[in-house]
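Data first, discussion second: the structure below is written as structure tokens.
Note that ligands are numbered from 1 as they come in the structure, with each ligand's atoms numbered from 1 the same way. Computed from a predicted structure; not experimentally measured.
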Amino acid sequence: MIRITRLDKEISITEAEFSPGEKWLVNGAILEGKDFFVVWDTASYPKDVAEMKAHFSGKPAVAIYSHADWDHCWGTCGFEFNHVIAHANAVLRFNDELPVTLRQFRNDHPNDWRGVKLVPPDFTFDEAMTLSLGYFSLKLYYFRGHTIDSIVGFIPEKGLLLGGDSVESVPVINDPGNVQPWLTNLERWMHREDVVQVLPGHGKLCDASIFAENHRYLQSLLEGHPVACPTGTEFYKQIHWDNCKRMGVAVA
Ligand SMILES: [Zn+2]
């Protein structure tokens, strides 16, 4: 099941369940431009995108991946998008990592992943790019940190930042080597006054204070200082525990 909430005339937020049998949600957005739609992240299942379809019909549609983690890009084959945009490093992940992950998932849960076909980006960028949507624009920026292909999208006319997993209540560290660039990217955004709302890849729409909160958390771990888990849910406690282990820091 997918939930679609309208933020304003042009922007809707999508929330989809991911992972069989779990209630955890992944966020995305549908942006209605003058001449085409943008779908920011396509969730985990083709049926999720098929359900969203009614909300982006009548004009061409472009999908954008915040990064190539499965829960953000496996729904794409549920619709024939005109283009798929992502960071250049996403192509590497589609070549090497994602086919292996899909095979593993199909081994573990054969019924759940039958319809998934991987759809790699056909348009990539390295540092930044701007899409003009007529009434507003979407600026994409490379944001290495959570993964090597993470990006964020900013709509200056609305003060809305689409964060993917670059911001989260407890940011997920996959590679300690990417924490320093992650901090540098967060520093670029935490002092800006033009960001009003931030949509993380998971969790609720929030304000720009999440940049500084994530920065404080990651900085502590990078410096080897134990830090308390920022939230109390079991899911995030586990992520916090994994982060501490990965960074070689005692669990606070
Ligand atoms: Zn995610």
### Query
When you check the side-chain N and O atoms of Tyr217 and Asn243, is any donor under 3.5 Å from an acceptor?
yes
## Note on the structure
Interatomic distance, CG@Asp71 vs CG@Leu25, rounded to 0.5 Å, equals 11.0 Å
### Query
Other than Val196, which residues form its hydrophobic cluster under the rule that side-chain heavy atoms must be closer than 4.5 Å?
none
### Task
Only pairs at least two apart or in different chains count here, so list each ring pair (Phe, Tyr, Trp, His ring centres under 6.0 Å) that has a residue in residues 158-179.
none
## Note on the structure
What lies under 2.8 Å from the Zn ion (ligand 1), restricted to protein N/O/S atoms, is Asp71 OD2, His72 NE2, Asp165 OD2, His202 NE2
Which side-chain N or O atoms in residues 219-228 pair as donor and acceptor under 3.5 Å with protein atoms at least two apart or in another chain?
| residue | atom | partner | partner atom | Å |
| --- | --- | --- | --- | --- |
| Gln219 | NE2 | Glu223 | OE2 | 2.9 |
| Ser220 | OG | Arg216 | O | 3.0 |

#### Entry: Nearest-0.5 Å distance that lies between atom CG in Leu183 and atom NE2 in His215
4.5 Å
